[in-house]
Trainee: 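Okay, here's the structure, questions in a sec.
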Amino acid sequence: MSKFRLAALATAGALVFGTANTFAADIAKQQEEGWTFTVAPYLWASGIKGESGLFGFPPQDVDVSFSDVLHHLKFGFMGLTEARNGPFTISTDIVYAKLDANIGTPKGILASNIDATVSTFMGTALGGYSVYYQDGANFDLVAGARLWSVDNSFDFHGGVLDGRSASDGDTWVDPVIGAKFKADVGNGIYLAGWGLVGGFGAGSKSMWDVMGGAGYQFNDKMSMFVGYRAVHDNYSHDGFVNKLTQQGPILGFTYQFSPAHPG
């Protein structure tokens with residue numbers, strides 16, 4: 001091997017070793033700084049489309065706007081949390097909604113009216129590692145699970161079924177994998193988003209969740225975020241069918257703090 005090739009290999013090796021040492025030192029420094037926590041309540045103005053089936057009956061088409069959802073909404077909560085230590089992250093996402101509706105019947109023979117209550121819960125827990133992590137930017141690979149729970153309850157008033165009730169729904173868990181990113185673009189503005197897939201037949205036949213948008217950092221603790229999110233789930237079991245897509249704009253506020261640096 002020529003002296004030139006030996007010198008080139010030695011130089012390349014030194015560069016790689018030096019870069020690796022710098023990256024390792026950067027991670028070590030970030031880990032020494034300890035955990036940083038982010039809390040982000042948000043509003044997801046989503047409509048719902050797809051197919052839904054109950055009690056073994058053929059699935060029916062569903063097309064509900066956000067204004068319809070808001071009209072019948074009794075209680076809702078949506079929020080994200082993230083704990084980060086260097087390139088390592090643990091995050092959660094919770095979406096819960098309870099809707100009530102009074103349904104009139106055409107003939108009033110079986111019932112004159114029906115009180116319907118629909119409760120839905122989507123809770124996600126993910127662990128992640130940043131394959132790219134520099135000041136103001138990170139790209140994380142994540143994996144975890146998503147818990148779904150849907151309960152549809154009906155109370156009958158009047159008619160043959162007066163005083164009776166019925167309910168149908170299910171609870172299931174989907175394995176989830178995907179990626180998240182965040183990048184500062186200057187002047188306090190940043191871009192962020194995620195892409196998740198899951199189910200794989202273990203719970204849902206298929207599931208995906210995508211979100212993207214932009215935020216503005218007011219200071220080192222608080223920011224506001226606007227974007228668009230779409231979630232699809234295809235699940236069926238024992239006569240219950242939940243093949244729906246929820247999508248709409250999202251508005252959130254974030255608060256970040258570190259116990260090691262409370263000030």
Side-chain angles (χ1 to χ4, degrees), residues 44-66 68-70 72-80 91-103 105 110-111 113-128 142-156 160-161 163-179 194-211 229-248 250:
W44 182 24
S46 65
I48 306 171
K49 287 186 178 183
E51 295 181 348
S52 178
L54 300 172
F55 305 109
F57 291 109
Q60 302 296 308
D61 291 336
V62 175
D63 189 350
V64 182
S65 68
F66 174 67
D68 292 331
V69 173
L70 193 61
H72 295 288
L73 183 66
K74 293 301 178 183
F75 178 78
F77 174 80
M78 305 169 189
L80 290 164
S91 61
T92 65
D93 175 29
I94 293 176
V95 177
Y96 174 79
K98 181 178 181 180
L99 297 90
D100 288 345
N102 185 271
I103 305 170
T105 58
L110 294 178
N113 63 82
I114 305 170
D115 288 329
T117 301
V118 179
S119 298
T120 62
F121 176 86
M122 182 181 73
T124 310
L126 300 171
V142 297
R146 172 166 291 175
L147 172 68
W148 303 83
S149 183
V150 180
D151 180 63
N152 301 276
S153 300
F154 304 91
D155 294 321
F156 301 92
V160 176
L161 298 177
R164 295 176 181 255
S165 61
S167 63
D168 193 17
D170 210 342
T171 299
W172 65 100
V173 178
D174 288 336
V176 177
I177 59 173
W194 65 63
L196 307 173
V197 294
F200 311 114
S204 304
K205 293 180 181 178
S206 61
M207 184 281 296
W208 52 260
D209 182 345
V210 293
M211 190 281 293
R229 183 182 187 182
V231 175
H232 173 79
D233 180 63
N234 182 3
Y235 174 83
S236 61
H237 176 71
D238 198 24
F240 172 76
V241 177
N242 189 77
K243 189 177 182 181
L244 301 172
T245 300
Q246 295 179 246
Q247 58 181 324
I250 187 171

Trainee: What pair of heavy atoms forms the shortest contact from Lys49 to Asp63, and how long is it?
Mentor: CE-OD1, 3.3 Å

Trainee: Can you name the nearest heavy-atom pair linking Ser46 to Gln246, along with the distance?
Mentor: OG-NE2, 3.5 Å

Trainee: What are the two closest heavy atoms between Ser52 and Val62, and how far apart are they?
Mentor: CB-CG2, 3.7 Å

Trainee: Output all residues satisfying side chain to side chain contact (heavy atoms under 4.5 Å, CB included) with Ala230, sequence neighbours left out; order by chain, then residue number.
Mentor: Trp208, Val210, Gln247

Trainee: Answer yes or no: is there a side-chain heavy-atom contact under 4.5 Å between Trp44 and Val231?
Mentor: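 Trp44 vs Val231: side chains touch.
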
Trainee: Nearest 0.5 Å please: distance from the CG atom of Leu70 over to the CG atom of Leu99.
Mentor: 9.5 Å

Trainee: Quick one: does Met207's side chain get under 4.5 Å of Val197's, heavy atoms only?
Mentor: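 When only atoms from C-beta onward are counted, Val197 and Met207 do not touch, as no gap falls below 4.5 Å.
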
Trainee: Which heavy-atom pair separates Ala179 from Leu196 by the least distance, and what is that distance?
Mentor: N-CD2, 4.3 Å

Trainee: Let's go through Ser236 and Lys205 carefully: what are the C-alpha distance in whole Å and the side-chain angles of both, what is the deciding distance for side chain to side chain contact (heavy atoms under 4.5 Å, CB included) to 0.1 Å, and is it a yes or a no?
Mentor: CA-CA 8 Å; Ser236 61; Lys205 293 180 181 178; 3.8 Å; yes

Trainee: Test side chain to side chain contact (heavy atoms under 4.5 Å, CB included) on Val95 and Arg229; report intermediate values, then the result.
Mentor: CA-CA 13 Å; Val95 177; Arg229 183 182 187 182; 4.1 Å; yes

Trainee: Can you confirm whether the side chains of Asp100 and Thr117 place a donor and an acceptor under 3.5 Å from each other?
Mentor: yes

Trainee: Just list the side-chain donor-acceptor pairs under 3.5 Å for residues 145-153, sequence neighbours left out, or say none.
Mentor:
from	atom 1	to	atom 2	distance (Å)
Arg146	NE	Thr124	OG1	2.6
Arg146	NH1	Asp209	OD2	3.3
Arg146	NH2	Thr124	OG1	3.2
Arg146	NH2	Asp209	OD2	2.8
Trp148	NE1	Asp174	OD2	2.8
Ser149	OG	Thr171	OG1	3.1
Asp151	OD2	Ser153	OG	3.0
Asn152	ND2	Asp168	O	3.2

Trainee: Can you give me the closest heavy-atom contact between Trp172 and Ser204, atom names plus distance?
Mentor: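 Of all heavy-atom pairs spanning Trp172 and Ser204, the closest is NE1-OG, 3.0 Å.
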
Trainee: Please identify each residue that fulfils side chain to side chain contact (heavy atoms under 4.5 Å, CB included) with Ala125, with sequence neighbours left out.
Mentor: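 Applying side chain to side chain contact (heavy atoms under 4.5 Å, CB included) to Ala125 gives none.
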
Trainee: Dump the intermediate steps for side chain to side chain contact (heavy atoms under 4.5 Å, CB included) on Lys98 and Val118, then the final yes or no.
Mentor: CA-CA 6 Å; Lys98 181 178 181 180; Val118 179; over 6 Å; no

Trainee: With rounding to the nearest 0.5 Å, note down the distance linking CD1 in Ile177 to CZ in Phe200.
Mentor: 4.0 Å

Trainee: Between CD of Glu51 and CG of Leu244, what distance do you get to the nearest 0.5 Å?
Mentor: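 That separation rounds to 9.0 Å.
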
Trainee: For a side chain to side chain contact (heavy atoms under 4.5 Å, CB included) check, start with the C-alpha distance between Met122 and Thr120, then their side-chain angles and the critical distance, and finish with the verdict.
Mentor: CA-CA 7 Å; Met122 182 181 73; Thr120 62; over 6 Å; no

Trainee: Once the angle between the rings of Tyr96 and Phe121 is folded into 0 to 90°, is it parallel (under 30°), tilted (30 to 60°) or perpendicular (over 60°)?
Mentor: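 Judged by the thresholds at 30° and 60°, the geometry between Tyr96 and Phe121 is tilted.
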
